[in-house]
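Chain letters run A, B, ... following the sequence lines, proteins first, then strands; residues in each count from 1. Excluded from the calculations below are hydrogen atoms, water molecules and symmetry mates; all remaining heavy atoms, backbone and side chain alike, are included.
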2 protein chains.
Amino acid sequence: MTANLAIDLDRSSPVPLYFQVAEQIAEAIRRGDLAPGARLDNEILLADKLGLSRPTIRQAIQYLVDKGLLVRKRGVGTQVVHGQVKRSVELTSLYDDLRRAGQEPATQVIALEPRPVEDDIAAILGVEAGAEVLYLERLRFAAGEPLAVLHNWLPLGLAQLAASDLEARGLYELLRAAGVRLRVANQRIGARAATQAEAKLLDERRGAPLLTMIRTTYDDQGRAVEHGSHVYRASHYSLEVTLIER
Amino acid sequence: MTANLAIDLDRSSPVPLYFQVAEQIAEAIRRGDLAPGARLDNEILLADKLGLSRPTIRQAIQYLVDKGLLVRKRGVGTQVVHGQVKRSVELTSLYDDLRRAGQEPATQVIALEPRPVEDDIAAILGVEAGAEVLYLERLRFAAGEPLAVLHNWLPLGLAQLAASDLEARGLYELLRAAGVRLRVANQRIGARAATQAEAKLLDERRGAPLLTMIRTTYDDQGRAVEHGSHVYRASHYSLEVTLIER
DNA sequence: ATGAGCAGTTTGTCTGGACATTCTGACCTC
DNA sequence: GAGGTCAGAATGTCCAGACAAACTGCTCAT
């Protein structure tokens, strides 16, 4: 029942112990050593086996519960969730997602310039009305085909963004490299018909269904660092999300 | 800087202390007593003030960080996220969402019957191929207008679902009332054009953009308890999601 | 047979403490 | 004035233990 999984710890590593445990359990699930429905050893036994305290084990398990890989039930135990677990929801940009899927993303920068901010965007980003913000418009390709039109507004001074950088890497990756730490994002997802201009850019017919996403991202100080309004070709893209009830 | 918020605890209540703290901080944020960007007292001071231990305070704060209301930064402190925080992502059904928004939802049950399962659905639900599952098809209205067509498949025996129940309440609410504890859901969100049949049901034109959602929900034992394939009128509905980076 | 109650198991909550790591800002040196 | 250094402050990690609550399955009485 309780698979005997081997977990080795490196106490000299800077990687937290709870994280080492969590990673190795997750790996065992991915490999199939821990089948869906399998029960883990109870926390106390597990702590004993690994020479760790129970809080540390709990932290590791909680981490995986939050990611949707495990479920816990008082008086019963901890089990692996049935059904292949999809990639958990992370704060990634489309570019990262595509590259991970082996899709060879490419980007064409249409606009990259400071621009006086409109009032609604100013309110969202928390900058003064009339101030300048960086306006960015891109066309994203995957496997040689146009996939999405991306509009972004960013406060000035966050990072030095060059068009050449944006054509080689994703926006989030560049922000992270510039020391911005993304923490929270609110997204609104909808759909609408393509306008003629959008249809032309995306190689679709006017009226074709597009997936729309409006997103605002905040950093670890709670400041808005990016606002985006994007449209995707529904025929070529869909979004995946995992929800976890606490 | 650090707002002096009054938190009172009831140690005789069955509600966990960390949750009482979290709720009252969240309430202070909603009320505006804690403005966006405001810093909380540090954990040790807070623990001291409330007569709680630091781990308990940490648990309360972590809960709000996970919900996207707060951000923490080592060496600096804990701050309220800028920008009005939307309702966090919870495992709710469309029905709950609509009622919370004061939209007066209504439901018309089109089909509710056991039916031999198709192979792909069987694999998703983890039931044997050829077994029977409950098939459910509903048309959902809001404010008198058709809003979505909902298709669901459920393992038999989970709950006794009557059409009259389904017309008065949401599916998730009924499942919860029957003792099913929903924990994790995987969703895929996309868009496509309406077929003629869908257009007729939803009072749209053929080809109108629809938001699609395919969702599988698991309970606290990791078993699939519901699979749904839904389409929404994009002109009347959009989804909101909050992502948090750990 | 059937139902109620009880005991064991397991996770949930909470305490109190220790040390590590990271960030900020002030100070000092060159 | 520029740059590096260091101390203080805050969160991050980890430990050891205690009691509470919920679930399961067994036992016992009816």
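- Regarding A/D48, its CG atom lies at a distance of 14 Å from the C1' atom of D/dG17, rounded to whole Å.
- Nearest-nucleotide positions on DNA chain C place B/G51 closer to the 5' end than the other of A/R181 and B/G51.
- One finds the CD atom of A/E23 at 8.0 Å from the CD atom of A/E27 (value rounded to the nearest 0.5 Å).
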Query - Contact letters for nucleotides 6-14 of chain C, in which S counts primed atoms plus P, OP1 and OP2 and B counts the base, heavy atoms under 4.0 Å - result: ---BBBBBS
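- To the nearest 0.5 Å, atom CD1 of residue A/I61 and atom CZ of residue A/R72 are 6.0 Å apart.
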Just distance, no hydrogens or angles: give the donor-acceptor pairs under 3.5 Å from side chains in residues 131-138 of chain A, sequence neighbours left out.
| from | atom 1 | to | atom 2 | distance (Å) |
| --- | --- | --- | --- | --- |
| A/Y135 | OH | A/E137 | OE1 | 2.9 |
| A/Y135 | OH | A/H151 | ND1 | 3.0 |
| A/R138 | NH2 | A/N152 | OD1 | 2.9 |

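- Ring pair B/W153/B/H227 is tilted by interplanar angle, where 30° to 60° counts as tilted.
- Under 3.5 Å, the side chains of B/Y18 and B/Q62 contain no donor-acceptor pair of N or O atoms.
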